[in-house]
Amino acid sequence: MLQRIYGTAFARKKDLDDYLNMLEEAKKRDHRKLGPKLDLFMIDTDIAPGMPFFLPKGSIVLNELMNFSRELHKDAGYVEVITPLVMNVKLWHQSGHWDHYKENMYFTEKEDTMYAIKPMNCPGHILIFKSKSVSYRDLPVRMFEFGKVHRYERSGVLHGLLRVRSFTQDDAHIFCTPDQIEEEIIGVIKLIDRIYSPFGFTYRAELSTMPEDHMGEEATWRRAESALKSALDSIGLEYRIAEGEGAFYGPKIDFMIKDSLGREWQCATVQLDFLMPERFDVNYIGPDNKEHRVVMIHRAIYGSIERFFGILIEHYAGAFPTWLAPVQVVIIPISDKHIEYAKKVAKKLDEDGIRVEIDSRRETLGYRIRDNQMKKVPYMFILGDREAENEKVSVRTRHGRETKDVDLDEFVQKIREEIKERRRTLSFDE
RNA sequence: GCCAGCGUAGCUCAAUCGGCAGAGCGGCGCAUUCGUAAUGCGCAGGUUGUGGGUUCAAGUCCCACCGCUGGCUCCA
């Protein structure tokens, strides 16, 4: 009989202290605690373990993340599609998921036909690509989807939003010629950098090469690997090589982002895929009027928007920058007689596209300030006689910084700029 | 899935050896109309995760299942 004993050891006392501090800080930021507390999401472990419900406030954050991503994808020449969640199981026989991934899939049956709930978006995108013949002039095709996928993850691996059974990938497949691989990879890496930049993460890349158990010619692999390498080199991005860690269908680059506590998370991934084009016979018509096999690049940038959201909650400790904050301004009228002025101010903010709420609960001023501060609302307006008379607002940031007698138009102008530029700091904090 | 621990009110937790399920916060009601981080009083809230077993008696002991936490393995 063997007994397993766990331990953690440190070379220096200071390392231990740092580690304990990190654990303490991580606990305070735990998205599983903050999420329900800030009304962002909930998980009903009895009804749908591993499948989060997003509450109205959390849905605002997710939609902001998606809008931001859409904007940049459109810029980068992607087209957006939507594919079915439930598709005939024969599609998954053809893709090979039945053989390699069955244990992780959900199935449903209707009138003697078996359907699978999609665990990945690739086969759906391939069906769209193949629905008409494609000329070499049309390549590359960059097909993008916020694809909701379901994977039966083994019990014991679930973890809040960071490891779930139902999630949404910001997934895209680039169909291109072998000659276009390098340029497309460079495009993806640049897009990753643009999408990550407002969040203030640092990140690093890892290139995974041909594994023992691989599919296809070694020469093709080496060519693909060198395309990935020269893409990384030409961008000047630092990367490690994980020898033999690639998927069996192609080499890949993974991106690890580092959060505010120095913890690393794998989010973005870029994978070359030689297998799917074979299995689905995916071709384009070349200048020679003959069919040629396409190359597929599979890539996701947030990875899973649920996971990315969870990481952001911890990264910001729930205090989202204004562009992501579910409520951007809370107006606190000092007493009932100031509600009218509060409504007038709220209307103006609302018309300017600012997410605003009025907190006119019959509670003391101190209570309402404290409550909204703990909800991490970026800005509070305290409105009493003084403000109503001069048609001004008193601004208090969630860090406690007060600015009295602010002109409303001036506030709107500043905050709109802050939102538009997706700044991480509050305009009235200094 | 594996190893270990845990599951009591919406949340955080209490309940001695197996002997009447309790508190704070939150919620609701009433009073308070207030100038920058918690006003006071009152009320409601429970099939103790689910199912079975032992016992005069189970939140507490035993078994199974579900779920959660930490780790392993796997992954976005």
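Sequence lines set the chain letters: A, B, ... in the order given, protein chains first and strands last, and positions in each chain run from 1.
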#### Entry: Any residue meeting salt bridge (charged side-chain N to carboxylate O under 4.0 Å, His left out) with A:Asp99, in chain and number order, not counting sequence neighbours
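Result, salt bridge (charged side-chain N to carboxylate O under 4.0 Å, His left out) vs A:Asp99: none returned.
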
### Message
Checking A:Lys258 now: which residues fulfil salt bridge (charged side-chain N to carboxylate O under 4.0 Å, His left out) with it, not counting sequence neighbours?
### Response
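By the salt bridge (charged side-chain N to carboxylate O under 4.0 Å, His left out) rule, A:Lys258 matches no residue at all.
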
### Message
How many whole angstroms separate atom NE2 of A:His31 from atom P of B:C68?
### Response
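These atoms are roughly 12 Å apart.
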
### Query
Taking atom P of B:G7 as reference, at what distance in whole Å does atom CG of A:Asp46 sit?
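Spelled out: CG on A:Asp46 to P on B:G7 is 18 Å.
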
### Residue closer to the 5' end of RNA chain B, A:Arg396 versus A:Thr45 (nearest nucleotide)
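Taking each residue's closest nucleotide, the earlier one in sequence belongs to A:Arg396.
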
### Query
When you match A:Lys404 and A:Arg154 each to their closest nucleotide on RNA chain B, which lands nearer the 5' end?
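The residue mapped nearer the 5' terminus is A:Lys404.
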
Donor/acceptor link under 3.5 angstrom from [X] side chain onto base of [N]:
X        : N     : value
A:Glu387 : B:G35 : yes
A:Arg299 : B:A76 : no
A:Ser394 : B:U36 : yes

Quiz: residues 34-52 of chain A side-chain donor-acceptor pairs under 3.5 angstrom, not counting sequence neighbours:
residue, atom, partner, partner atom, Å
A:Asp44, OD1, A:Asp46, N, 3.0
A:Asp44, OD1, A:Ile47, N, 3.1

### Message
Can you pull out every side chain to side chain donor-acceptor pair (under 3.5 Å) where at least one residue sits in residues 374-385 of chain A? Sequence neighbours excluded, please.
### Response
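Qualifying pairs: A:His338-A:Asp385, A:Tyr379-A:Glu418.
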
### Query
Can you pull the side chain to side chain donor-acceptor pair (under 3.5 Å) pairs that have at least one residue in residues 238-248 of chain A, sequence neighbours excluded?
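For residues 238-248 of chain A, and leaving out neighbouring residues, the side chain to side chain donor-acceptor pair (under 3.5 Å) pairs sorted by first residue read A:Glu206-A:Arg240, A:Thr209-A:Glu243, A:Asp233-A:Tyr239.
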
Base, sugar-phosphate, or nothing: which does [X] touch, judged by heavy atoms less than 4.0 Å apart?
X        : answer
A:Glu103 : nothing
A:Arg401 : nothing
A:Glu306 : nothing

Contacting residues from [range], given that a heavy atom lies under 4.0 angstrom of RNA chain B:
range                       : result
residues 365-383 of chain A : A:Leu365, A:Gly366, A:Tyr367, A:Ile369, A:Arg370, A:Gln373, A:Ile382
residues 160-168 of chain A : A:Arg163, A:Val164, A:Phe167
residues 184-200 of chain A : none

### Message
Which residues pass the ring pair (Phe, Tyr, Trp, His ring centres under 6.0 Å) test with A:His159, not counting sequence neighbours?
### Response
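Ring pair (Phe, Tyr, Trp, His ring centres under 6.0 Å) check on A:His159 returns nothing, list empty.
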
### A:Trp265: ring pair (Phe, Tyr, Trp, His ring centres under 6.0 Å) partners, not counting sequence neighbours
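In terms of ring pair (Phe, Tyr, Trp, His ring centres under 6.0 Å), with neighbours along the sequence ignored, A:Trp265 is linked to no residue.
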
### Query
Does A:Lys33 have a side-chain nitrogen or oxygen under 4.0 Å from the phosphate oxygens OP1 or OP2 of B:U12?
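Yes, within the criterion.
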
### Query
Which ranges of RNA chain B pair up as stems, where a stem means three or more consecutive Watson-Crick or G-U pairs with both distances under 3.5 Å?
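So far as stems of 3 or more pairs are concerned, RNA chain B shows B:1-7 with B:66-72, B:10-13 with B:22-25, B:27-31 with B:39-43, B:49-53 with B:61-65.
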
### Task
Just compare B:G70, B:A76, B:G67 and give me whichever is closest to any side-chain atom of A:Thr269.
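My answer, after comparing the listed nucleotides, is B:A76.
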
### Task
Output all residues satisfying side-chain contact (heavy atoms from CB on, under 4.5 Å) with A:Leu191, sequence neighbours left out; order by chain, then residue number.
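Testing A:Leu191 for side-chain contact (heavy atoms from CB on, under 4.5 Å), a comparison that skips the adjacent residues, returns A:Leu72, A:His73, A:Ala76, A:Tyr78, A:Ile195, A:Arg299, A:Ile301.
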
